[in-house]
Amino acid sequence: MESSLDKYLREHSTHPGEALDWVERQTNIHTNYPRMLSGSVQGELLKLLVKISGARRIIEIGSFTGYSSTCMALGLPEGGIIDALEINDELEDLMRGAWRRAGVEDKIRLHIGDAIQTLETLSGEYDLVFIDANKREYCKYYELVLPLLKSGGLIIADDVLWDGKVYADPLPHDAQTRGLLEFNELAAKDSRVETVILPLRDGISIIRKL
């Protein structure tokens, strides 16, 4: 159920367009956890951050049905590229359908497989990283992508408030909550970066490499 706040934010943000409406419908029809979709407001934020930062090379860790990668690709200049990492090969047709409809398929390289293994094969300098995958592995993703990120580059991490579990009293002991707690502490105390958490949807961290 959409909250009154979420409805207001959606209605007063730029509409995402037909291709993203399509992938949202397909995600609701064909997946068991459609709530994992980034959604229009967060998607517009991602697109604007790509534009504002001038990013040309992006890593996305966890593509799901292609919504967030589509948004970021729409913000890329000509010649920009996203390396999209996703472990679930059953979602490939949905992702590629979204990219085709949005006219951005030439801006995205899909890597199917374990994200940590794929990250170890990437090289060169990246401008932006979006993390939205296994919450238990956020710290590992972070340490792997930070050396690939240029000075002034951004890491954007999704779900960092985890339905309020990271600040609950008492704290839950499940592995996903522990992973996010450790990640939030790591980013907040890391002298290599500056960071802020925004309470958008389930929490989003914006981390800038110094």
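Computed from a prediction, not measured in an experiment: that's the story for all the values here.
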Flag side-chain contact, heavy atom, 4.5 Å: Ile61 against Asp132: no
Donor-acceptor pair between Gln176 and Asp159 side chains, under 3.5 angstrom: no
Closest non-hydrogen atom pair between Arg201 and Leu37, with its separation: NH2-O, 2.9 Å
Check against side-chain contact (heavy atoms from CB on, under 4.5 Å), Phe64 and Thr31: CA-CA 10 Å; Phe64 191 39; Thr31 69; 3.8 Å; yes
Side-chain heavy atoms of Leu20 within contact of Ser40, under 4.5 Å: no
Electrostatic pair Glu143-Arg192, nearest N-O below 4.0 angstrom: yes
Distance-minimising heavy-atom pair for Trp22 and Ala98: CZ3-N, 3.5 Å
Test item: Leu119 and Val145 side chains (from C-beta on) under 4.5 Å apart, heavy atoms: yes
Side chains of Leu128 and Met72 in contact at under 4.5 Å (non-hydrogen atoms): yes
Residue from Asn184, Val166, Thr195, Leu181 passing side chain to side chain contact (heavy atoms under 4.5 Å, CB included) with Val160: Asn184
Side chain proximity check, Ile81 to Arg56, heavy atoms < 4.5 angstrom: no
Backbone of Gln26 reached by a side-chain donor or acceptor of His30 within 3.5 Å: no
Distance-minimising heavy-atom pair for Val104 and Ala73: CB-CB, 3.6 Å
Salt bridge (Lys or Arg N to Asp or Glu O under 4.0 Å) assessment of Asp106 paired with Arg109: CA-CA 8 Å; Asp106 61 332; Arg109 293 187 296 229; over 6 Å; no
Worked check of salt bridge (Lys or Arg N to Asp or Glu O under 4.0 Å) between Glu194 and Arg208: CA-CA 5 Å; Glu194 52 190 354; Arg208 178 180 178 270; 3.0 Å; yes
Under 3.5 Å side-chain donor-acceptor pair for Thr27 and Thr65: yes
From CA spacing to verdict: side-chain contact (heavy atoms from CB on, under 4.5 Å), Leu146, Asp190: CA-CA 11 Å; Leu146 200 61; Asp190 191 347; 4.0 Å; yes
For Ile116 against Asp114, the heavy-atom pair lying closest together: N-OD2, 3.1 Å
Side-chain (Asp202) to main-chain (Leu161) donor-acceptor, under 3.5 angstrom: no
Residue pair Ile207 / Ala187: nearest heavy atoms and the distance that separates them: CD1-CB, 3.9 Å
Whether Arg57 side chain and Glu125 backbone form a donor-acceptor pair below 3.5 Å: yes
Carboxylate-amine/guanidinium contact Arg96 Glu105, below 4.0 Å: no
Pairwise distance CG(Leu85) to CG(Leu110) - rounded to 0.5 angstrom: 8.5 Å
Test salt bridge (Lys or Arg N to Asp or Glu O under 4.0 Å) applied to Asp163 - qualifying residues, sequence neighbours left out: none
Exam field: side chain Ser53 to backbone Val50, donor-acceptor pair closer than 3.5 Å: yes
Leu149 versus Leu154, closest heavy-atom pair with distance: CD1-O, 3.7 Å
Audit row: Ile58, Leu76, side-chain contact (heavy atoms from CB on, under 4.5 Å) steps and yes/no: CA-CA 9 Å; Ile58 296 173; Leu76 279 173; 3.8 Å; yes
Pairs touching residues 161-194 that satisfy ring-ring contact (aromatic ring centres under 6.0 Å, His included), sequence neighbours left out: Tyr138-Phe183, Tyr142-Phe183
Neighbour count above 12 (heavy atom, 6.0 Å) for Lys209 NZ: yes
Qualifying side-chain hydrogen bond (donor to acceptor under 3.5 Å, both in side chains) pairs with a residue from residues 66-82, counting only residues at least two apart or across chains: Glu60-Ser68, Ser69-Trp99
Heavy-atom side-chain proximity of Ile112 to Ile87 below 4.5 angstrom: no
Lys107 side chain to Ile82 backbone, donor-acceptor under 3.5 Å: no
Trace of the side-chain contact (heavy atoms from CB on, under 4.5 Å) decision for Lys165 with Leu171: CA-CA 7 Å; Lys165 292 179 181 179; Leu171 287 169; over 6 Å; no
No-hydrogen, no-angle side-chain donor-acceptor test under 3.5 Å, Asp83 and Tyr126: yes
Residues Glu182, Arg178: salt bridge by 4.0 Å N-O rule: no
Glu90, CD atom: more than 12 neighbouring heavy atoms under 6.0 Å: no
Any donor-acceptor pair under 3.5 Å from Ser63 side chain to Gly66 backbone: no
Side-chain heavy atoms of Ile155 within contact of Val193, under 4.5 Å: no
Euclidean distance, Leu180 CG relative to Asp158 CG, rounded to 0.5 Å: 10.0 Å
Test item: Arg101 and Val23 side chains (from C-beta on) under 4.5 Å apart, heavy atoms: no
Under 3.5 Å: donor-acceptor pair, side chain of Ser13, backbone of Arg10: no
